[in-house]
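The structure appears right after this line, and notes come after that.
Convention: sequence-line order gives letters A, B, ...; per-chain numbering from 1. None of the values given here were measured: they were computed from a predicted structure.
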Amino acid sequence: MAKDKFKISFCEATAAAFKSLYADKYENAGDVQIFSSNFIYENLEKPKDPSMGRFALPVFRFGKLLEDKPPSIAAKVAPESNKFLSSSQNGPAIVIIEAAGGFLNARPNAELAASSTIEAVLAAGKDYGNSTVGQQRKILIEYSSPNIAKPFGVGHLRSTMIGNSLRKIFKALDYDTMGINFLGDWGTQFGKMIVAYRKWGSEDTLKNNSAQNLLELYVKFHETAKEDSSLDDDAREAFKKLEQGEKSEVELWEKFKNISRTEFDRIYKMLGVEFDWVTSESFLNDKMAAAIESLEKAGLTSISESALIVDIDDPQLPPVLLRKADGATLYATRDVAGLFYRWQEYKFYQSLYVVGSAQSDYFKQLFKLIELKEKAESLSDNDRMSGKVKHIEFGWVKFGDKAMSTRQGNIVILEDVIDKAAELAKKRIKEKNPKLKTIEETSRIIGTGAVIFSQLSVRRQKDVRFDWDQVLNFEGETGPYLQYTHARLCSLLRNYDGKVTTDIDFALLAGNEESRVIDLLADFPDTVEDAARDYDPFYIAAMLLKLAGAFNRFYQRKNAQGKIDRILSDNKELSAARIALVKSVQLVINKGLYLLGLEAPQEM
RNA sequence: GCCCUCGUAGCUCAGUUGGAUAGAGCAGUGGUUUCCUAAACCAAAGGUCGCAGGUUCAAUUCCUGCCGGGGGUACCA
């Protein structure tokens with residue numbers, strides 16, 4: 001929670017009330033617990049129901065200390081605190097405190113909350129929600145990282161969008177952020193592709209719609225290999241040749257790679273996803289030997305079943321394989337080399353790997369390996385990356401009741417989904433707003449917005465179901481709902497013929513609906529920090545939905561006559577006050593959508 | 001077998017370090033537009049929080065066991 005003046009006043013007032021009401025207990029206990037305003041501050045909570053107040057102090061746990069019953073404590077302290085508040089200030093009390101059972105609920109003075117919040121938002125503008133907590137510390141975020149020679153499926157979307165959003169969030173908090181796309185362009189799978197291509201493919205396979213053709217080859221390989229395991233041996237052999245630099249294998253590999261790269265670039269552009277560094281596994285080919293050597297030097301390696309391994313001293317985890325029995329390397333070999341390389345190169349504050357939870361054991365292995373190595377080298381804390389590298393895991397994208405798996409061909413092509421969503425959006429625009437000039441562009445924005453938001457509106461750790469009906473529904477808790485609300489706010493701003501200013505009567509914004517909107521606006525900076533702390537953009541998505549809902553209720557509020565209480569009316573003073581709130585909401589929704597990686601249309 | 005993870009309304013999900021009558025959206029029901037964009041808003045309806053114990057003033061939240069889904073478990077990435 002942000003240190004705002006409302007909370008500070010509340011804490012000082014209640015601490016004073018406790019001291020005077022329970023003077024004998026205070027004498028014995030001293031300046032601890034509820035007698036300390038700092039302690040109270042740390043124990044503030046947010047009520048479940050916003051109508052109960054903006055923040056609250058539960059007093060249950062102080063029953064023993066005060067030898068009093070919680071409801072009785074609250075009932076005594078509330079009026080005493082209020083008395084303290086009104087006597088210590090001239091003018092109206094800054095917060096009003098109410099007892100409710102064992103809780104002390106606090107409601108900031110609506111007019112003061114409106115002025116401090118709206119002034120803060122409008123002064124900061126697009127920078128509202130930013131902070132300097134990052135202090136330019138280096139943070140690496142690896143995300144997306146699809147495998148070459150496979151199509152970009154909905155399954156890749158989760159990592160891509162979570163990472164893309166985290167990159168923006170950390171940038172907003174002034175971290176020196178580096179988004180990394182680590183393409184899978186090496187490994188036995190390319191042996192498989194080469195074998196499959198030679199068996200069933202031709203030049204044509206690489207021409208039209210070739211990414212799709214590559215997928216078919218890949219799936220066919222796995223289907224056939226189930227019956228005939230000699231194919232797997234062939235694949236290992238082909239990869240070994242590739243790794244040894246055999247010309248015909250390398251040529252094929254490069255063709256696969258180029259096809260995929262072109263495809264990926266197009267998709268990232270469509271999604272608005274950015275990276276600061278696009279690298280790949282093969283980039284590390286010449287760095288693996290040194291990595292292995294350093295592990296050997298640290299005395300960590302051994303030979304087991306003719307493979308080179310690091311036994312990581314953990315009964316729960318298997319050893320890390322660095323070299324297979326046939327001498328070829330593995331993904332882990334490259335990842336380890338990559339870890340060392342990035343640490344050496346960037347000396348990061350943190351390095352994040354946005355990768356599915358299926359690989360959580362694997363990351364535990366890697367981190368353990370680092371820990372052992374740095375211990376063996378007896379590095380100083382400053383020189384250790386141990387503890388700075390994190391696996392940001394997330395749940396599966398499920399399709400039907402199965403996890404999406406390229407190998408089983410259970411995959412939905414991302415582009416198909418976006419196309420379908422955009423098409424539907426276009427249809428809706430033609431019905432609702434046929435005069436819109438930018439139909440094509442706007443329907444694209446809405447379609448991608450729907451798809452992206454579907455990935456961010458569930459907590460990171462949980463599986464997310466891909467369901468056509470849900471993705472193509474633009475109502476309720478969806479990206480298009482937020483975008484629509486934004487367009488509506490922009491429309492109000494267009495219709496207002498004055499200038500937006502904070503030179504207004506904030507008392508006109510003291511209604512319940514307005515106060516709810518204002519509370520949420522005030523929470524936004526905290527929400528951004530929460531999202532960074534838990535590496536989960538979901539917090540922002542959830543907050544925006546609440547904000548949009550709160551605004552829409554305000555927008556459609558009816559007066560006593562049952563008519564809409566319009567934001568813009570003949571009452572100039574009222575319109576000026578309301579438009580300042582409108583502008584604030586528009587800025588925050590715009591910023592929030594940006595941090596999530598969605599575009600915010602002006603009109604739709 | 002062992003390890004990890006999840007189990008909340010018909011469906012999809014929230015529920016912050018334990019706290020106030022467990023909240024939204026979708027679907028379904030009823031309503032709101034002389035139109036500041038109805039992709040919206042309002043109302044009613046819908047729940048033994050997987051099951052059983054335990055810790056606590058207080059458990060959906062923490063601990064143990066069981067049941068059920070998913071994942072992982074050295075030469076895939």
[X] [atom1] to [Y] [atom2] distance, which is reported to the nearest 0.5 Å:
| X | Y | atom1 | atom2 | value |
| --- | --- | --- | --- | --- |
| His486(A) | Gln602(A) | NE2 | CD | 6.0 Å |
| Phe283(A) | Asp185(A) | CZ | CG | 11.5 Å |
| Arg54(A) | Leu44(A) | CZ | CG | 11.5 Å |
| Met604(A) | Ile439(A) | CE | CD1 | 12.5 Å |

Heavy atoms only, 4.0 Å cut-off, all strands: where does [X] land among base, sugar-phosphate and nothing?
| X | answer |
| --- | --- |
| Lys558(A) | sugar-phosphate |
| Tyr362(A) | base |
| Asn105(A) | base |
| Gln483(A) | nothing |
| Glu281(A) | sugar-phosphate |
| Lys563(A) | base |
| Pro70(A) | nothing |
| Ala307(A) | base |
| Arg578(A) | nothing |
| Ala56(A) | base |
| Leu545(A) | nothing |
| Leu492(A) | base |
| Ser491(A) | base |
| Arg61(A) | base |

Identify which nucleotide among [options] has an atom closest to any side-chain atom of [X], counting heavy atoms from C-beta outward.
| X | options | result |
| --- | --- | --- |
| Tyr331(A) | A38(B), A77(B), G70(B) | A77(B) |
| Leu568(A) | A14(B), A20(B), C36(B) | C36(B) |
| Gln359(A) | U73(B), A77(B), G19(B) | A77(B) |
| Lys48(A) | U60(B), A74(B), C41(B) | U60(B) |
| Asn147(A) | C3(B), A77(B), G25(B) | A77(B) |
| Phe103(A) | G19(B), G70(B), C36(B) | G19(B) |
| Ala358(A) | A40(B), C42(B), G72(B) | G72(B) |
| Arg459(A) | A14(B), G70(B), C2(B) | A14(B) |

Which base sits across from [N] as a Watson-Crick or G-U pair, both distances under 3.5 Å?
| N | result |
| --- | --- |
| U60(B) | none |
| A9(B) | none |
| U48(B) | none |
| C2(B) | G72(B) |
| A43(B) | U29(B) |
| A38(B) | none |

d([atom1], [X]; [atom2], [N]) in whole Å:
| X | N | atom1 | atom2 | result |
| --- | --- | --- | --- | --- |
| His391(A) | U5(B) | NE2 | C1' | 13 Å |
| Asp361(A) | C2(B) | CG | C1' | 11 Å |
| Gln461(A) | G7(B) | CD | P | 11 Å |
| Glu475(A) | U12(B) | CD | C1' | 15 Å |
| Glu45(A) | U61(B) | CD | P | 17 Å |
| Leu482(A) | A40(B) | CG | P | 10 Å |
| Arg516(A) | G23(B) | CZ | P | 14 Å |
| Arg465(A) | C6(B) | CZ | P | 16 Å |

With the stacking rule set at 5.5 Å and 30°, tell me whether Phe60(A) counts as stacking on G19(B).
yes

Give me the distance, rounded to whole Å, that separates [N] from [M] when you measure between the [atom1] atoms they each carry.
| N | M | atom1 | value |
| --- | --- | --- | --- |
| A40(B) | A77(B) | C1' | 46 Å |
| A59(B) | G50(B) | C1' | 16 Å |
| U16(B) | A27(B) | C1' | 30 Å |
| G72(B) | U17(B) | C1' | 30 Å |
| G23(B) | C67(B) | C1' | 28 Å |
| G10(B) | U56(B) | P | 35 Å |
| A74(B) | G70(B) | C1' | 23 Å |

Can you find a donor-acceptor pair, distance only, under 3.5 Å between [X] side chain and [N] base?
| X | N | answer |
| --- | --- | --- |
| Asp49(A) | A20(B) | no |
| Ser304(A) | A74(B) | yes |
| Glu305(A) | A74(B) | yes |

Assert yes or no for the condition that the ring centre distance of Phe394(A) to Trp396(A) is strictly below 6.0 Å.
no

Could you check, using the six-membered ring where one of them is a Trp, whether Tyr481(A) and Phe453(A) have ring centers closer than 6.0 angstrom?
no

Hey, are Lys426(A) and Glu440(A) close enough for a salt bridge, meaning a charged N less than 4.0 Å from a carboxylate O?
yes

Please determine if Glu475(A) and Arg428(A) form a salt bridge, counting it only when a charged side-chain N lies under 4.0 Å from a carboxylate O.
yes

From CA spacing to verdict: side chain to side chain donor-acceptor pair (under 3.5 Å), Ser51(A), Asp49(A)
CA-CA 5 Å; Ser51(A) 72; Asp49(A) 182 348; 3.1 Å; yes

OP1 or OP2 of C57(B) sitting under 4.0 Å from any side-chain N/O of Lys69(A)?
no

Which residue, Phe554(A) or Gln470(A), contacts RNA chain B at a nucleotide closer to its 5' end, judged by nearest heavy atom?
Gln470(A)

Take Gln602(A) and Val464(A), find for each the nucleotide of RNA chain B with the closest heavy atom, and name the residue whose nucleotide sits nearer the 5' end.
Val464(A)

Quickly, which of Tyr143(A), Phe367(A), Phe363(A) forms a ring-ring contact (aromatic ring centres under 6.0 Å, His included) with Tyr353(A)? Name it, please.
Phe363(A)

